[in-house]
Every structure is written in structure tokens, then in C-alpha cells.
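Please read the structure below before turning to the comments.
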Amino acid sequence: MAVPEAVRGAPDWLPPGARAFDLVERTFLEHARLAGYERVRVPVLEHTELFARGVGASTDVVQKEMYTFVDQGGRSLTLRPEGTAGVVRAALQAGVPRSGGLPVKYAYAGEFFRHERPQAGRQRQFTQVGVEALGSDDPVLDAEVVLVGWEALRAAGVDDLVLRLNNLGDREDRAEYHAVLNAYLDRFDDLPPDVAGRRHLNPLRAFDSKAPGMRAIMADAPLLGDHIGPEAARHHAAVVELLRDQGLPLTHDPRLVRGLDYYTRTTFEYQVGALGAQNAVGGGGRYDGLAEELGWPERFPGVGWALGVDRTVLALRAAGAAAPTDARVAVYVVVADRGLVADAFAVATQLRRAGVATDLAFDGRSVRAQFKAADRSGASHAVVVGPDEAARGAVTVRDLRSGAQREIARDDAATALAAGS
RNA sequence: GUGACCGUAGCUCAGUCAGGCUAGAGCGCCGCGUUGUGGUCGCGGAGGUCGCGGGUUCGAACCCCGUCGGUCACCCCA
């Protein structure tokens, strides 16, 4: 009978690869925490409507990439394809905009789902860490968010990192610009299908098209930058200045649009050179209109990013970074005589209770085999439980690096090893 | 969703082009070299539905079709 296989695009992470994964995720969360972003947990399942309204009906994510199903109560539910909509929804539901203490700063980590063709760095189930700062317009917050993401990626070990930044303006700016851009596009009657199909929902995406001839058409197209209102322009200038002050090497990218409709003003993306086609390890931006889009009666601005854990691990690998080599346990208990298995088990328990990560051999293997296992476990010390020692109420502690060993009283073993020797 | 390439031991791969003996290698794994001592070395051993299904053939890992999976690119984005 064939063994069941994982669902396509749903990756398994087993040791040792899982160590790098775990380390990256912890590094991201820790950097968020250092800036005051507190962990929240929101559902993987949401009503489909949340993403349709929040992420935007024109986006590829909503149009063709969502895992959507009807549950037994006849409701249309979706496995979250991104994190912002759910976090904002949770904040609105809890009345955060009216409860004071703004901005609130949230961090999250978890699994996301998009039905795309898998390739390097792109899985159907993937892991992101994200932050969202809600309830403030302050450009300092944009700069903080961008900087925290940058430093988190650097701390995780990503080197050739590029920060691309753009200003999408306010929603009114974009409405005006959409009209101008569409008027321009009207002058061409042979637009490629991808552009023709979505230009009225979001003509900005025309800049993304790589269809033949489109590049030439867009070269003369009116630019969003010329239709940004004074406030959004001032806001963006402030963000740029704050980031420059902190020494961030940023690249202005007027073509950076990003495929989620909720972005306003600041958008940015972190890119890695060594990663091939899927080179964005993270991205985000400001989404001042999202809350209203979701039906909240007042303006409730926000800014945030998401960093891809899987993709960051790949980037580190591609750059030749060594995998973390943490020892699985600190101590390995060896039984010299099968009759003493219960004693060895007791010693292991004693060590674990003292906070010393301990493993022991199973299946009654030879002492030689047990030492090989001890070696492989990465333990710094082996504790030998044998008849000679047992007669004296002692165990032998062997330093696996130097080979030096000594006998100590069994009751002192936990204390001695907990102290690091 | 589209295209190209790929799928042989746990891993990395040879063998496929010219179909034909028991399908190989390196690494890893297990055991032994000690009567209680690992990392080196030596000896021995286990392990393969050649992704899966069908077809062609006297005969298929090898040729053909399908399918599943992988990789890369498009697309999109983390």
C-alpha cells in the first residue's frame, strides 16, 4: 500500500532544516518585540468576504489563488492568503480604534495559503512573520516598520539585501490618477488581455505587464508620482529622510505597485539577489483606507510588513550560510549493563528535572553503539551507568570533546552537569 | 493556470542515446574488530515496486502514452 504523501506545495520541515526555520522565525519575532510589537494570534480561517473586500477584488490573490470552501453551515470560508486583513479585522472587532493607547503594535507568525504553481521559494502553504502598527498616520511609524524589518532580516543573516520603496499616494490621488491613466490607455485598442482585463479595477497593474509592446506603451504613460497630493508627498519625504538618517540604503522604485489593493502612500519590498525569480523576502506598506473598506465608519490608518520565513531560509542557504549546528541535547546517558536500564532512566529523569537536556539509548544496543549515538546527538557529556559505579552509588561522566572522564556520586551528577561541567 | 527539463538505495548520482546476464558507486546506516567507551581506520552486512498506471516487444530502468511528483521560468508575491 502506498504511503500517503504531503499535499502538493505543503512542505515538511524536519531536522536539521527545521532548525534554520525556527531560528529565522524567532529572530523576526524577537526584532518585532524589541520595537514593542506584541504577539497576536488570529484565525487561519476567515470569511471569504474579508479578503474579497480587504485585499481587493482585482488582485490575483483574490481572483485565483485562494483556498475557499463552503462549510457545513453553508458559509464561504477561506484559508488566509495574507495576514493584514485578519489582524485589522480582529482589531476592529475588539473596538481597538476607540479604546485608546494608539497606535497599537502587533506581531504575528503563522501559516498562509495561496493556490499557485509551486516553485523555488513559492509554496502553497508558507510561513510569514508580520507586524502591523494600527491607529497612527505618523511617518515615524512607517520608518520604524521598515527599519525593524530590515534589521530583522539582517539579524537572520541575509546579506545582499535591497530595499525598494515607493509612494502610492492617498486613495483620492489614486482615483484621480486611475482616471488619467485609463484615459491614456484608451488611446490603444490592442492592449494585451492581462491589461485589458484588469485596467478598470486597477490600471496600475499595467506597469507590471511584460506583454510585448506594453513596455513601450508604458514608457510614455502618465506617472503616479505626478499626481500625488501635497500631504502624501510630504509624508513620503519624511519617511525617506528618517530612513536615510538611519543609514538605510533605499532604492526608489516608481514601478513597485504590489498586488494588494489596500496599500496607500508607503509601499516597500525587501529583495535578495541570490534568490532567483522569487526574490522578495518581505514587503509591506501603509493601508490607511483598509478599515473603511471593511466597513469601519472612520478612518483607521495602519502600516506593516510580512517577511517570508521559508524564503528567508532559502536565501540563507543560497548564500551558503552554514545551517545552525546546535546540539540536540547536552548529555547522553549510556547504560553499560542491560540490567541497569531503570537506573539509567532514573538518571536521565534527574538530569532533565535539573534543566539539563538529556537523551539516552533505546533498544538495548551495545555500549559502542550508544557512544556513537551520544556523539551524533551533539551532547557535550556522556554519563555512564554501569555495575561498577552502581556498586558505589556513582556514575561516570565523560567529556565527549576531550575524552576526559571522572566518577562522581550519582546524586551530584545533575548539579554538576547543570553547572556546565 | 502556461511552458521546458527531470523522477534509479536514506542522500548525491552512474546506467537510458544503440532494449538482453543476479541494477551499480560514493556517502550514510547496522554489526564486528573490547571482557563497559564515540569521533579515525579495517572487515562484514542490510537496504531498490528503477515515481505510478498502461502500451510496444520474445524481453523494458531504458522506447511510446497517460498520470502523479520535483525543478526552473512565465504569472504572482512571502
Side-chain angles (χ1 to χ4, degrees), chain A residues 1-11 14 24-25 28 55 59-65 80-84 109-130 149 153 192-194 198 205 208-211 256-260 267 269-272 275-284 305-315 332 334-340 344 361 363 365-390 395-405:
Chain A
M1 194 167 68
V3 173
E5 287 180 17
V7 169
R8 181 170 205 196
L14 304 174
V24 166
E25 186 177 84
F28 288 171
V55 176
T59 62
D60 284 4
V61 168
V62 169
Q63 281 186 353
K64 49 192 192 195
E65 295 174 2
R80 60 184 182 186
E82 60 95 54
T84 302
E111 316 308 322
F112 297 84
F113 304 84
R114 289 183 202 172
H115 192 112
E116 298 180 272
R117 183 86 166 255
Q119 72 182 80
R122 187 172 78 185
Q123 298 288 331
R124 290 177 173 178
Q125 174 174 327
F126 54 99
T127 302
Q128 290 185 163
V129 171
L153 285 162
D194 62 325
R198 64 195 183 195
R205 301 284 303 282
D208 296 336
S209 177
K210 284 164 191 157
L256 179 66
V257 172
R258 303 190 61 77
L260 310 178
T267 54
E269 197 164 282
Y270 307 100
Q271 295 178 352
V272 174
L275 219 46
Q278 309 302 324
N279 65 348
V281 290
W305 47 244
L307 304 182
V309 176
D310 318 57
R311 222 172 251 191
T312 301
V313 172
L314 281 186
Y332 201 96
V334 171
V335 206
D337 183 295
R338 292 193 189 175
L340 293 170
D363 302 317
R365 306 216 289 152
S366 69
V367 170
R368 169 199 177 90
Q370 291 182 65
F371 267 95
K372 286 183 96 159
D375 194 44
R376 199 195 324 211
S377 76
S380 61
H381 295 269
V383 169
V384 182
V385 177
D388 300 347
E389 293 91 337
V395 293
T396 295
V397 174
R398 178 179 176 89
D399 184 320
L400 289 170
R401 309 272 190 279
S402 69
Q405 57 184 53

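Residue numbers begin at 1 in each chain, while the letters A, B, ... track the order of the sequences.
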How many Å lie between CD on A:Gln271 and P on B:rC76, as a whole number? 14 Å
Any donor-acceptor N/O pair under 3.5 Å between B:rG39 base and A:Asp375 side chain: no
Under-3.5 Å donor-acceptor pair between A:Arg311 side chain and B:rC77 base: yes
By the 4.0 Å heavy-atom rule, please label A:Ala120 as base, sugar-phosphate, or nothing. sugar-phosphate
Distance check, P atoms only: B:rG59 and B:rC68, in whole angstrom units. 29 Å
Spacing of the P atoms in B:rC43 and B:rG28 (rounded, Å): 14 Å
Interatomic distance where CG belongs to A:Leu14 and P belongs to B:rC11 [whole Å]: 12 Å
Taking the P atom of each, how far is B:rG44 from B:rG20, in whole Å? 31 Å
Inter-nucleotide P distance (B:rA9, B:rG51), Å rounded: 7 Å
For B:rC32, give the paired nucleotide (Watson-Crick: N1-N3 plus N6-O4 or O6-N4; G-U: N1-O2 and O6-N3; both under 3.5 Å), or none. B:rG42
Heavy atoms from C-beta onward define the side chain here; which of B:rG36, B:rA73, B:rC77 lies closest to that of A:Arg117? B:rA73
Begin with the C-alpha distance, continue with both residues' side-chain angles, and end with the deciding distance and a verdict on side chain to side chain contact (heavy atoms under 4.5 Å, CB included) for A:Glu82 and A:Val61. CA-CA 9 Å; A:Glu82 60 95 54; A:Val61 168; 5.5 Å; no
Using only atom types and a distance under 3.5 Å, with no angle test, would you say the side chain of A:Gln278 pairs donor to acceptor with the backbone of A:Gln119? no
For A:Ala120, enumerate each residue passing the side chain to side chain contact (heavy atoms under 4.5 Å, CB included) test, keeping only those at least two apart in sequence or located in another chain. none
Euclidean distance, atom CD of residue A:Gln119 to atom C1' of B:rC76 [Å, nearest integer]: 9 Å
Distance check needed: B:rC72 P versus A:Asn279 CG, whole Å only. 14 Å
Which residue lies toward the 5' end of RNA chain B, A:Tyr270 or A:Ser402, if each is placed at its nearest nucleotide? A:Ser402
Using only modelled atom types and a 3.5 angstrom limit, is any donor from either the side chain of A:Glu389 or the base of B:rG36 paired with an acceptor on the other? yes
Between A:Gly9 and A:Pro387, who's closer to the 5' end of RNA chain B by nearest nucleotide? A:Pro387
What is the nucleic acid contact for A:Gln370, judged by heavy atoms within less than 4.0 Å: base, sugar-phosphate only, or nothing? nothing
So what does A:Gly403 touch, heavy atoms closer than 4.0 Å: a base, only the sugar-phosphate, or nothing? base
NA contact type, A:Asp388, heavy-atom cut-off 4.0 Å: base, sugar-phosphate, or nothing? base
Rounded to whole Å, please give me the gap between CD in A:Gln278 and P in B:rA73. 7 Å
The side chain to side chain donor-acceptor pair (under 3.5 Å) partners of A:Thr59 (sequence neighbours excluded) come to none
Determine the Euclidean distance between corresponding P atoms of B:rG70 and B:rC27; express it in Å to zero decimal places. 31 Å
Taking only residues two or more places apart in sequence or in another chain, which ones pass ring pair (Phe, Tyr, Trp, His ring centres under 6.0 Å) with A:Tyr270? A:Phe268
Roughly how many Å is it from CZ in A:Arg124 to P in B:rC77, rounded to a whole number? 17 Å
Do A:Asp375 and A:Tyr332 have side-chain heavy atoms sitting under 4.5 Å apart? no
Partner residues of A:Gln125 under the side chain to side chain donor-acceptor pair (under 3.5 Å) criterion, sequence neighbours left out: none
Can you find a donor-acceptor N/O pair under 3.5 angstrom joining the side chain of A:Arg122 to the base of B:rC76? yes
Please, which pairs that meet salt bridge (Lys or Arg N to Asp or Glu O under 4.0 Å) have at least one residue in residues 118-127 of chain A, sequence neighbours excluded? A:Glu116-A:Arg122
Any N/O pairs under 3.5 Å between the protein and nucleotides 29-33 of chain B? List them or say none.
| unit_1 | atom_1 | unit_2 | atom_2 | d |
| --- | --- | --- | --- | --- |
| B:rC29 | OP1 | A:Arg376 | NH1 | 3.4 |
| B:rC30 | OP1 | A:Arg376 | NH2 | 3.3 |
| B:rG31 | OP1 | A:Arg365 | NH1 | 3.3 |
| B:rC32 | N4 | A:Arg368 | NH2 | 2.5 |
| B:rG33 | N7 | A:Arg368 | NH1 | 3.0 |
| B:rG33 | N7 | A:Arg368 | NH2 | 3.3 |
| B:rG33 | O6 | A:Arg368 | NH2 | 2.6 |

Spacing between A:His115 atom NE2 and B:rC75 atom P, to the nearest angstrom: 19 Å
Determine the Euclidean distance between corresponding C1' atoms of B:rU35 and B:rA25; express it in Å to zero decimal places. 38 Å
Report which part of the nucleic acid A:Gln405 touches: base, sugar-phosphate, or nothing (heavy-atom distance under 4.0 Å, all strands). base
Any donor-acceptor N or O pair under 3.5 Å, side chains A:Gln405, A:Thr396: no
Counting side-chain heavy atoms from C-beta on, which of B:rG39, B:rC75, B:rG36 comes nearest to A:Arg398? B:rG39
Could you tell me the separation between the CD atom of A:Glu116 and the P atom of B:rC75, rounded to a whole number of Å? 13 Å
Taking the same atom, C1', in B:rU16 and in B:rC62, what whole-Å distance lies between them? 4 Å
What distance, rounded to whole Å, do you find between the two P atoms, one in B:rU8 and one in B:rA18? 22 Å
